[in-house]
Chemist: 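I am attaching a structure below and will ask some questions about it afterwards.
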Amino acid sequence: MLDIRFIRENAEAVQQNARHKGYEVNIDELLRWDGVKRNLQQQSDELREKRNLVSSQMKGGRPTPELIEEGKAIKESLTAVEANLKEADEAFTTLFKRVPNMAADDVPIGLTEDENVLAKTVGDTTTFDFAPRNHAEIAAQRDWIDKERAAKVAGSRFAYIKGDLVKLQFGIIQFVLDTVTDEATLRAIAEKAGLDEVSIKPFTPILPPLMIRTELYDAMDRLEPRDDRYKLEDDDLWLQGSAEHVLGSMHADEIFEESQLPLRYIGYATSFRREAGTYGKDMEGILRMHQFDKLEMESFTTGEDGLKEHLLFVAIQEHLLATLGLPYQVIQKCTADIGKPNARGIDMETWLPGQDKYRETHTADYMTDYQSRRLKTRVRRESGELELVHTNDATAFALGRIMIAIIENGQDEQGNVAIPVALQPYLGGRSVL
RNA sequence: GGAGAGGUGGCCGAGUGGUUGAAGGCGCACGCUUGGAAAGCGUGUGUGCCAGCAAUGGUACCGUGAGUUCGAAUCUCAUCCUCUCCGCCA
C-alpha cells in the first residue's frame, strides 16, 4: 500500500501514476471515502470517550439506573456509527488496495511491454558453423528431459529432469551460493558497478516453506493474478509462485534494529505457476513449466539504501550471467510492465540460439516501502524513530531457463554441451556434458 | 488423527467483569553515587489512528475474528499458533 497521507497530498500524481501503470483507480472516490471514514472514526472516538467516562463513574460497584441508562444510550449510538464506519472502511480499503506503487522517476512511461527500454546488450550472440538446435532437441538426444511420462503423471508443462542435467542444476546452485555468500566477490561486483556506498554483507541461504497463507500472500501484493496461483483446496494455503513471496513475508510484524540491515537472503525454492492463458505458448522443452526451481535474492534495507540495493541486485545478476559467458540484454521495464507494488523493475534476457531470440531469464523488483507497509516490517533507526523497510527481490537464476541457455549456447553439432568454466569445479572438473 | 495445557509489553511474569496501557522482575536509556567499574538510588522506557507547530489530548490494541454487557485482558463461540502424551509417518 501507499501512505494514505501521501495520497491526500499528491492526489493528482497518484492518479496519473495509476494511469501510467494501467490500473483503474478513482483517487477522488478514494479520498471521498477517506473523508467519510475519518469523520465516522472521529464520532466513534468521541462516543467511546463518553462511554469510558460513564463507565469510570460506575467503578467501585455503584452503578445507578441513570448511569446505566446513559450507557445504554451511548451503546446504541455507537452501534449505529460503527456499522457505518465498517461500511466506509471496507469501501475505502477496497479502493486503497488497488492503488499501485509510485514508479521511480527514471521508469519509462509506457502502456504495454513494447515500450520497455533496452538499457544495454552484453556479449555477442553466439555464432555456430552449423544450424544450432533448441534445447528440447538436444535434451531428447541426450535423454535429459522426459515430458511424456511427466504428462502421464502430472499433466502438461511438467517434466522429469534427468541425468547430467540434474548434476548441472546442482552445480549451478552451488556456484550461486558460493558467489553471493562471499564478501570479496560482492565487493568486486559492487566496485565494478560503481556502487561504492553499498553494503557488501553476504547473503544468507534459505530453504523456505513453499506454501503461504492467503493473508500474507495478499499483504505481499503478489496473490494477484489468482488465476496463475495454485490453491490448496482443504487449507487456507497457496503454492508459492516465487521464493520472493515466502521470503518477503518472512518478517511480517517485525521491527529490525538498524544494525541488522541490510538483511539479505538467497532462497532456493520450487515455484509453481498455473500459466493460465498461455495455452499453446512455449510448449517445447522446459521454458515454461508449471513447476520450476529458482534461486532468488530478497532483501530488507532502510529507505535510503533501497535503490542502491536494487542496483546491486542487478549487478549481481549481470555478474552471474557474464561469469557463465552468456550473452544477455538488460531491459528497463516501463510503467505498464513493472508491476503494481514496484517502484522500479529490470528484466534480464539471455540469448537462446535455439529460438534465435533473447528470452527473459531474470527480473529485479524494487518495491520501496509499498510491501512493508502492509506487512508491518519496520526498522528502529539509531535515532529511535520507526520506519518502514524497503524491500527488493531479484532472480539469481531460474534453473530451468538458465540450463536452456547453457545447453543452447554451449552446444556442438554432435549434441555435446560445453560447461561454462566457472561451473566446471562444481561438476567434478568436467568441461563437457 | 485422539487427549490435555497454553498464547499478556524487548524478555520473564501477575492479573477471572469496573481509574488496567496493564502489578512485579529483568533488560534498556538518562541522572546521582564512584578514582574507575560493579552494586545501590532516582527517573524514564510499546504501537497504530485522529487532532495539534509542539507540549499534549482522544481512541484502539493482552494471538486473530465475532458475540454477551452500561462496562471485557478477564465471560461465550469460532479460528490460528505453540507445547505435552498417544497414534501415524520421511
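Only a predicted model underlies this, so the values are computations on that prediction, with no experimental measurement involved. Below, chains carry the letters A, B, ... as their sequence lines are ordered, and counting in each starts from 1.
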Chemist: Taking only the P atom of each, what is the distance from B/rA54 to B/rG35 in whole angstrom?
Modeler: 45 Å
Chemist: What's the CD-P distance between A/Gln42 and B/rG57, to the nearest Å?
Modeler: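 So the two atoms are 17 Å apart, to the nearest Å.
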Chemist: When the distance from CZ of A/Arg380 to C1' of B/rG10 is rounded to whole Å, what number comes out?
Modeler: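 Value for this atom pair: 9 Å.
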Chemist: Kindly express the pairing pattern of RNA chain B in dot-bracket notation, using | wherever a base pairs with another strand and counting only Watson-Crick or G-U pairs under 3.5 Å.
Modeler: ((((((((.[[[..)..(.....]]]((((((.......))))))((((((....)))))).[[[[[..)....]]]]])))))))....
Chemist: Could you check how far CD of A/Glu46 sits from P of B/rG57, rounded to whole Å?
Modeler: 17 Å
Chemist: Using the P atoms only, state how far B/rA73 lies from B/rC62, rounded to an integer number of Å.
Modeler: 7 Å
Chemist: For A/Leu85 and B/rC49, what is the distance between atoms CG and P respectively, to the nearest whole Å?
Modeler: 15 Å
Chemist: For B/rC50, does OP1 or OP2 lie under 4.0 Å from any side-chain N or O of A/Arg8?
Modeler: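 For B/rC50, OP1 or OP2 has a side-chain N or O of A/Arg8 closer than 4.0 Å.
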Chemist: Tell me, for nucleotides 63-70 of chain B in 5' to 3' order, what letter each nucleotide earns: B for a base near a protein heavy atom under 4.0 Å, S for only sugar-phosphate near one, - for neither?
Modeler: ------BB
Chemist: Tell me whether A/Lys37 is salt-bridged to A/Asp34, with the criterion being a basic N under 4.0 Å from an acidic carboxylate O.
Modeler: no
Chemist: Let's go through A/Phe175 and A/Thr323 carefully: what are the C-alpha distance in whole Å and the side-chain angles of both, what is the deciding distance for side chain to side chain contact (heavy atoms under 4.5 Å, CB included) to 0.1 Å, and is it a yes or a no?
Modeler: CA-CA 10 Å; A/Phe175 162 68; A/Thr323 304; 3.8 Å; yes
Chemist: In whole angstrom, give the distance that lies between atom CG of A/Leu388 and atom P of B/rU47.
Modeler: 14 Å
Chemist: Hey, does the side chain of A/Glu258 reach the backbone of A/Val379 with a donor-acceptor pair shorter than 3.5 angstrom?
Modeler: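 No, because the side chain of A/Glu258 does not come within donor-acceptor range (under 3.5 Å) of the backbone of A/Val379.
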Chemist: Side chains of A/Thr368 and A/Asn101 only: does a donor on one sit below 3.5 Å from an acceptor on the other?
Modeler: yes
Chemist: Provide, to the nearest angstrom, the distance between the CG atom belonging to A/Asp45 and the C1' atom belonging to B/rC49.
Modeler: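 Taking CG of A/Asp45 and C1' of B/rC49, I get 8 Å after rounding.
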Chemist: Heavy atoms, side chains only, cut-off 4.5 Å: are A/Met102 and A/Tyr370 in contact?
Modeler: no
Chemist: Looking at A/Arg378, I'd like to know whether one of its side-chain N or O atoms comes within less than 4.0 Å of OP1 or OP2 on B/rU47.
Modeler: no
Chemist: Would you say A/Asn52 places a side-chain N or O within less than 4.0 Å of OP1 or OP2 belonging to B/rA60?
Modeler: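 Yes, A/Asn52 has a side-chain N/O under 4.0 Å of OP1/OP2 on B/rA60.
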Chemist: Within this structure, what is the CG-to-P distance between A/Leu40 and B/rA60, rounded to whole angstrom?
Modeler: 16 Å
Chemist: Rounded to whole angstroms, how far apart are CG on A/Asp253 and C1' on B/rU47?
Modeler: 11 Å
